[in-house]
2 protein chains.
Amino acid sequence: MAYKTEHITQQLRAAREGQKVSQRELSARSGLTQSHISQIERGTMEPGLGSLVDVARALDLEIVLAPKKLMPAIRNILESSSASNDVLTSDQRKLVARLERSSAQYGYGVGTSADADAFKDSLGLLRHLPLTPDELDILRRAANRLENSQTDKMSRQEMGAIVREIRQLRNAAVHRDRDDAIPRSAYALDEEDDDA
Amino acid sequence: MAYKTEHITQQLRAAREGQKVSQRELSARSGLTQSHISQIERGTMEPGLGSLVDVARALDLEIVLAPKKLMPAIRNILESSSASNDVLTSDQRKLVARLERSSAQYGYGVGTSADADAFKDSLGLLRHLPLTPDELDILRRAANRLENSQTDKMSRQEMGAIVREIRQLRNAAVHRDRDDAIPRSAYALDEEDDDA
DNA sequence: GGGAGATATACAGGATAATATATAGACAAT
DNA sequence: ATTGTCTATATATTATCCTGTATATCTCCC
């Protein structure tokens, strides 16, 4: 029913989720009801232009009418910043991988199984969220400590400390405000390419 | 009554008049009634998103949701086509054309496909944005290097370097403030003028 | 298993967009 | 003046948005 406007409303949802804003929060900011927002995002109904503008403003977006001719250029610009969305240094990826490997090998003999679960969960998130250089350092040191412990036994307490540390990292990364961006070096290209 | 969406609907009118299309004609193309279009353009009523999309499509426009942060860059692009109908030296045009030709011929065997996409997009932008003489020089040297590589094989790293260079040019050009203009000598206009 | 936060659905009613049609005013060109 | 094109405006009817509120479902965390 709302085929025509799907691409737009999906952009809205992507932006909202990207900024980690709930529909309720967005409802408060934009003046629309949560119910309304849900329907718009799902494509159940087609919003009026007024509603679209309200929501966009609440998400710091602007509505632009661009000649089709210039779309490649504009897409390019849009992607250049959304790239910083999932830009993780390969360092970070590798560190997470190391930690997963180590902890798996190390086994969950030490530490409660709840600890183990929390740990895996945290790592899963850290695979996707940007970290500051300092935080990367913490990650690095944790990996080192864990790997050393392979040889000489590690105390339950030390293990708990690491788990706690990682969890803190996770929380920081999850709740970080999207605007105080993390400066990234050059860039990191992955796959990803969408069309309509 | 429709204050929020005035800027958008005015863009619509501007585009329609720019293309010398009558409201009747637009009505035929878009499926809305002429009466409806008139009210939308005058701001008498606020269109639904569906109507906006229909009209936009009929005018070869696309609706883009862009982060406010990127608006300067985007405005830059939009104005590049409408206002100063290209203040590019024929040199620049030719260089971009050479680069496109070379890279196409050269194939994308070297470098990731993401690299290739980034490269093509960058070139697309550089076709429209003004460059300083120095930047033109960089472009020239890149073209030369690429063309030489046709004969003796080029390393993946060297290719990456070129891609990076072009991308830097792109960024500089895109984010350049429009007012600190680049002094242009007299000549500027070449061929090129297409319609639909 | 309970509780909290988030999203999806449901339904009533008032508000408004959108249609179809018709007409009036403005401005050219014959 | 007449004809033609384009735009603004009017009216009536239908369709849909949008709100308000309430509830269902789902996920994650304790």
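Naming convention: chains lettered A, B, ... in sequence-line order (proteins, then strands); numbering from 1 in each chain.
- Contact annotation: the side chain of B/E41 approaches that of B/Q23 to within less than 4.5 Å [non-hydrogen atoms, C-beta and beyond].
- Residues A/I74 and B/L78 form a side-chain contact, since some pair of their non-hydrogen atoms from C-beta on lies under 4.5 Å apart.
- For the P atoms, the distance from C/dT19 to D/dC18 is 16 Å, rounded to whole Å.
- The CD1-P distance, from B/I37 to D/dC6, rounds to 13 Å in whole Å.
- Counting heavy atoms from C-beta outward, B/V53 and A/E46 have side chains that stay 4.5 Å or more apart.
- Nucleotide D/dC18 holds its C1' atom 15 Å from the CG atom of A/L49, rounded to whole Å.
- As rounded to whole Å, 16 Å separates atom P of D/dA15 from atom CE of B/M45.
- DNA chain C lies under 4.0 Å from no heavy atom of any residue of residues 11-23 of chain B.
- For the pair A/K4 NZ and D/dT16 P, the interatomic distance rounds to 11 Å; values are reported in whole Å.
- In plain terms, the two heavy atoms of B/A66 and B/M71 that are nearest each other are CB-SD, 4.0 Å.
- Taking CD of B/Q10 as the reference point, atom NE2 of B/H7 lies at 9.0 Å (rounded to 0.5 Å).
- Side-chain contact between A/Q11 and A/L61 is absent, with no heavy-atom pair separated by less than 4.5 Å.
- Taking only distance into account, the side chain of B/S35 meets the base of D/dA10 through a donor-acceptor pair shorter than 3.5 Å.
- Counting only heavy atoms from C-beta outward, the side chains of B/L52 and B/T5 never approach each other to under 4.5 Å.
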Structure string for DNA chain C in dot-bracket form, Watson-Crick and G-U at under 3.5 Å, | interchain
|||||||||||..|||||||||||||||||
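- Rounding to whole angstrom units, CG of residue B/L52 and P of D/dC17 are separated by 15 Å.
- Under a 3.5 Å cut-off, the side chain of B/Q19 and the backbone N or O of B/L59 do form a donor-acceptor pair.
- Contact check, A/S51 against D/dC18: a side-chain N or O comes under 4.0 Å of OP1 or OP2.
- Note that the CG atom of B/L49 and the CD1 atom of A/I63 stand 8.0 Å from one another [nearest 0.5 Å].
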Give the C-alpha distance, both sets of side-chain angles, the deciding distance and a yes or no for side-chain contact (heavy atoms from CB on, under 4.5 Å) between A/E25 and A/R16.
CA-CA 10 Å; A/E25 167 70 11; A/R16 180 180 64 78; over 6 Å; no
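- For the C1' atom pair drawn from D/dA24 and C/dG13, the interatomic distance equals 23 Å after rounding to whole Å.
- A pairwise comparison of heavy atoms in B/R24 and B/Q34 identifies N-CG, 4.2 Å as the closest pair.
- Proximity of A/L12 to A/P47: side-chain heavy atoms (C-beta onward) are nowhere separated by under 4.5 Å.
- Between the NE2 atom of B/H36 and the P atom of D/dA8 there is a distance of 14 Å, given to the nearest Å.
- Following rounding to the nearest Å, A/Q39 (CD) and D/dC18 (P) show an atom-to-atom distance of 10 Å.
- Distance A/R42 CZ to D/dA24 C1': 14 Å, rounded to the nearest Å.
- Across residues 24-34 of chain A, A/R24, A/Q34 each have a non-hydrogen atom less than 4.0 Å from an atom of DNA chain C (numbered order).
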